[in-house]
Enquirer: 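Pasting in a structure now, in structure tokens, and then I'll have a few things to ask.
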Amino acid sequence: QLQLVESGGGLVQPGGSLRLSCAASRFILDNYAIGWFRQRPGKEREGVSCISNSDGTTDYADSVKGRFTISRDNAKNTVYLQMNSLKPEDTAVYSCGASAVFRPCVPPEYDYFGQGTQVTVSS
């Protein structure tokens with residue numbers, strides 16, 4: 001059973017920053033692409049950003065390009081999502097998932113989601 005654990009959410013003002021962490025085993029990071037997804041209130045889960053396990057290629061949703069950055073730290077077995085210039089519409093439960101196939105970066109292609117971490121952007 002693959003297990004991913006998210007952390008780092010919280011309350012932040014518009015324009016602020018947060019860094020989310022997705023902890024996984026070395027086996028997962030070596031063999032699976034990792035993606036960040038979010039579910040906004042009243043909406044379905046959507047892809048935010050994904051990173052390939054083979055060469056580190058990344059994908060981003062248009063709504064977060066230029067503001068969010070996904071990265072991997074193999075030494076810490078962790079995938080990060082750095083979120084800058086946060087907007088109220090970024091408010092959501094963020095979760096990470098794994099997939100044997102990097103693209104497309106959409107929920108049906110990813111599985112093994114963790115519990116998620118709440119991000120609230122509000123003044």
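This chain uses plain numbering: 1 for the first residue, then up along the sequence.
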Enquirer: Looking at R72 and S52, would you say the former's side chain and the latter's main chain have a donor-acceptor pair under 3.5 Å?
Expert: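 Confirmed, R72 side chain pairs with S52 backbone.
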Enquirer: Check whether NZ of the Lys or CZ of the Arg R45 lies under 6.0 Å from the centre of the six-membered ring of F113 and within 45 degrees of that ring's axis.
Expert: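 Output yes; distance and angle both within limits.
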Enquirer: Decide yes or no for S17 and Q82: does some side-chain heavy atom of the first lie under 4.5 Å from some side-chain heavy atom of the second?
Expert: yes
Enquirer: Kindly say whether D59 contributes a backbone atom to a donor-acceptor pair with the side chain of S49 at under 3.5 angstrom?
Expert: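 The answer is yes, because a donor-acceptor pair under 3.5 Å joins these two groups.
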Enquirer: Rounded to the nearest 0.5 Å, how far does CG of L11 lie from CD of Q118?
Expert: 9.5 Å
Enquirer: Step through the shown structure and confirm whether more than 12 heavy atoms of other residues, nucleotides or ligands are within 6.0 Å of CD on E89.
Expert: yes
Enquirer: Report yes if some heavy atom in the side chain of V121 is under 4.5 Å from a heavy atom in the side chain of P14; otherwise report no.
Expert: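 Side chain of V121 against side chain of P14, heavy atoms only: contact under 4.5 Å found.
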Enquirer: Please examine the side chains of N74 and R26, heavy atoms only from C-beta on, and report whether any two atoms are closer than 4.5 Å.
Expert: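 Yes. Closest side-chain heavy atoms under 4.5 Å.
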Enquirer: State whether the side chain of Y60 and the backbone N or O of I70 hold a donor-acceptor pair below 3.5 Å, judged by distance alone.
Expert: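 Between the backbone of I70 and the side chain of Y60 there is a qualifying donor-acceptor contact (under 3.5 Å).
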Enquirer: Answer yes when K65 and D62 have at least one side-chain N-carboxylate O distance shorter than 4.0 Å, and no when they do not.
Expert: yes
Enquirer: Can you give me the closest heavy-atom contact between A33 and F102, atom names plus distance?
Expert: CB-CA, 3.7 Å
Enquirer: For the residue pair E6 and W36, establish whether any side-chain heavy-atom pair is separated by less than 4.5 Å.
Expert: yes
